[in-house]
Structure formats: C-alpha cells, structure tokens
There are 2 protein chains.
Amino acid sequence: MTSYPDGALAMLKARGYRVTKPRRLVLEALDQARAPLSPYEVAQHLRLVGERADAASIYRIFHTLEANGLVHRIIANGKYRKCQLAPEDECERHQTQHCHHSLVCRVCGRIEEFHCPGLNLVEQAIAAQTRFAIESHALEFAGVCDQCHAH
Amino acid sequence: MTSYPDGALAMLKARGYRVTKPRRLVLEALDQARAPLSPYEVAQHLRLVGERADAASIYRIFHTLEANGLVHRIIANGKYRKCQLAPEDECERHQTQHCHHSLVCRVCGRIEEFHCPGLNLVEQAIAAQTRFAIESHALEFAGVCDQCHAH
DNA sequence: TTCACTGCAAACCTTTTGCAATTCT
DNA sequence: AGAATTGCAAAAGGTTTGCAGTGAA
C-alpha cells in the first residue's frame with residue numbers, strides 16, 4: 001500500500017506536474033494532521049518541525065492540490081483535508097464527485113467523515129418543494145466526538 | 001408589521017443595549033441585501049450609499065447581533081444574514097435553536113432557506129452508526145435558483 | 001537546457017485591539 | 001452625569017502577486 005504523499009505525488013507526476021520538496025512537505029503535513037489545516041497553518045507547522053516552505057508557495061500548492069482532487073475544503077472553517085485516493089482510473093470520478101459529510105468535534109476540532117444514504121430523500125423533498133436545481137451539497141454535524149465525550 | 005431593523009433594535013433595547021446610528025445602518029444594509037454580507041462588505045456598501053461607519057465598529061456590531069440571535073452565519077462563506085424575527089416570547093427559543101438549511105445559488109449568490117423535515121432521519125442514522133453526540137447541524141445545497149435558471 | 005516551480009518582497013484585504021471622544025439613556 | 005458605544009489608529013493575521021532565481025525532467 002502506498003502512502004498518501006507518495007500516491008498524490010505519483011498522480012501529480014502522471015499529470016505533468018513536478019515532484020518537489022515543498023509539495024512533499026505539504027502532503028506529509030496533511031497526512032499526519034488529525035484536524036484539517038489551512039495553508040497558513042501548514043507553514044507554521046513546518047517551522048515547528050524544523051522544515052520550511054514559503055507561505056506563498058504553500059498557497060499555490062494547495063490550489064494545485066484542490067484542482068486535482070487531492071485535498072478538499074471543510075466548509076465550516078475553510079481548511080483543507082486530504083482526500084482518500086481512489087485506485088487508478090476511479091481518480092477522475094472521485095475528484096469531481098465530492099460529498100462532504102462531516103462530524104466536527106467542538107472540543108478537539110477533529111473531523112470524521114461519514115456515509116450518508118438518507119440524504120437522497122432530503123434532496124428529493126427539496127426538488128418537490130422548490131424549483132432550485134441542486135448541483136452539490138454540504139452537510140456538517142457539530143458536536144462532541146467519542147473520545148472527547150469520555151472526558 | 002414592524003420592519004426587521006425596527007424589530008431588531010427594539011429587541012436590543014429591551015435587553016439593555018442602546019439604539020445607535022451605526023447599528024441601524026448595519027441592520028438596514030442586511031435587510032436590503034439579497035445575498036449574505038460580511039462585516040467588511042457592509043462597511044463598503046455604506047460608503048457606496050453615502051453613509052459610513054467604522055469597520056471596527058461594524059465588526060463589533062455583528063458580534064452583538066450574532067450573540068443575540070439577530071443574524072446568523074452562512075457556513076459556506078462565513079457571511080451573515082438577517083434572522084427571521086420571531087414574535088415576542090418565542091425569541092428566546094428561536095435564538096438558540098437555529099437550523100441552517102440553505103439553498104445557495106451559484107449564479108446570483110442569493111440564498112433561500114427551506115424547511116427540512118427529513119433531516120431527523122439522517123441524524124438518527126448517524127446516532128446508530130457512530131458515537132458522535134450531535135449538537136447542531138448545517139446543511140447547504142448549492143446549485144442554480146429558479147430565476148437564474150431561466151437565463 | 002528548459003520551463004515549472006519556489007522564495008522573496010511587497011502589497012492587499014480582513015479582522016482585532018486599545019484608547020480617547022462621542023452619544024445614548 | 002454616567003456608561004455604553006463609536007471612531008481612530010495601529011497592529012496583527014491571512015492571502016495574493018510579480019519577478020528573479022532554482023531545480024526537476
């Protein structure tokens with residue numbers, strides 16, 4: 001099994017991007033992070049770890065990663081989280097069809113994602129009630145996660 | 001029927017806040033806006049209309065309004081929208097029990113809110129699948145509204 | 001070698017804070 | 001008059017941009 005950084009860099013390379021040290025550093029930071037990170041936070045984190053990359057570069061890297069479906073934004077706070085890397089040719093589909101269903105812990109900030117089969121019903125209800133053409137959705141539950149709940 | 005600015009100011013006054021010009025200006029801007037606004041945008045908007053209020057004050061005003069349930073944040077972009085003012089004694093309940101169900105138009109940015117009865121089922125599914133204790137939720141659909149869809 | 005990418009520097013936009021002046025009640 | 005609130009100024013925080021230099025292919 002290849003790691004997230006390796007897989008992501010391989011995918012970028014296959015698409016004509018270059019494999020660089022700053023890109024690897026960002027991907028590793030995301031891979032290790034428990035909670036989502038902003039580009040700025042990645043910059044700070046790297047200094048803490050004795051590495052460094054320019055903040056401006058990190059922003060550019062995040063744009064590239066997002067455009068290639070390797071990270072996605074958490075709507076609640078605008079921060080980024082690594083994406084699950086789909087095997088080979090599923091990449092394309094995975095990249096364009098993100099579902100953001102998150103459980104955001106108020107205490108530790110950690111974010112779980114969950115599969116949500118029931119949402120289709122809600123979408124159908126909307127369609128029945130309004131003339132709004134739904135293209136995507138975002139659903140977030142805030143609360144307290146298992147670990148924090150146990151004090 | 002009292003207007004949103006009047007109602008909101010009355011509620012603030014009843015709670016010991018003062019009725020000031022900057023507060024009225026912010027409330028009027030929110031009342032007239034089609035799309036949600038950030039504090040900074042309100043500051044800009046006011047200049048356009050020949051009025052003015054200090055940006056720092058507007059930020060403080062938004063904090064007060066949010067703390068009193070008179071505005072709420074749109075999760076997708078962090079901007080603010082006026083709340084429906086509940087009649088009299090329902091204020092308290094309305095203030096604490098916000099449900100954010102929005103239809104965000106990709107084209108014009110306008111936001112509709114909708115009532116969503118089906119979401120309880122989704123919450124129950126989460127409860128059954130995880131040990132996460134849900135406190136609140138946010139659900140947003142992005143797409144194209146009726147008006148924009150008709151070119 | 002070549003061109004994508006990074007680092008640097010500067011500017012910009014947004015938000016926050018302290019303090020003195022204002023203005024509601 | 002007294003206290004809450006505003007305006008001002010300054011700083012902090014976060015993000016973007018142009019350009020010259022670097023390094024991956």
Using the closest heavy atom to pick a nucleotide of DNA chain D for each, name whichever of A:Tyr40 or A:Asp54 lands nearer the 5' end.
-> A:Tyr40
Hey, is B:Asp6 close enough to B:Lys13 for a salt bridge, meaning N to O under 4.0 Å?
-> no
Atom pair distance, as rounded to whole Å: CG in B:Leu9 and P in C:dT23 | 17 Å
Contact under 4.0 Å: B:Ser57 side-chain N or O vs D:dG7 OP1/OP2 = yes
Residue closer to the 5' end of DNA chain C, B:Gln44 versus B:Tyr17 (nearest nucleotide) = B:Gln44
On DNA chain D, more 5' by nearest nucleotide between A:Arg18 and A:Ala56 is A:Ala56
May I have the distance from B:Lys21 (atom NZ) to C:dT23 (atom P), rounded to whole angstrom?
-> 10 Å
When rounded to the nearest 0.5 angstrom, what is the spacing between CD in A:Glu66 and CD1 in A:Ile61?
-> 14.0 Å
D:dT6 C1' sits how many Å from B:Leu46 CG, rounded?
-> 14 Å
Any side-chain N or O of A:Arg52 under 4.0 Å from OP1/OP2 of C:dC8?
-> yes
Tell me, do A:Phe62 and A:Val42 make a side-chain contact under 4.5 Å, heavy atoms counted?
-> yes
Checking A:Ser57 side chain against A:Ala53 main chain: does a donor-acceptor pair fall under 3.5 Å?
-> no
Please report, rounded to the nearest Å, how far the P atom of C:dG7 is from the CZ atom of A:Arg23.
-> 11 Å
Protein-nucleotide distance (B:Leu12, atom CG; D:dT6, atom C1'), rounded to Å = 15 Å
Can you check the A:Arg15 CZ to C:dA4 P distance for me, whole Å?
-> 18 Å
Check: A:Arg60 side chain, C:dG7 base, donor-acceptor under 3.5 Å = yes
B:Ile61 CD1 to C:dT23 C1', in whole Å, measures 14 Å
Can you tell me if B:Asn68 uses its side chain to pair, donor with acceptor, with the backbone of B:Leu70 under 3.5 Å?
-> no
Taking only side-chain nitrogens and oxygens of A:Thr20, does any of them come within less than 4.0 Å of OP1 or OP2 of C:dT6?
-> yes
To the nearest angstrom, the CG-P distance between B:Leu25 and D:dT6 comes to 11 Å
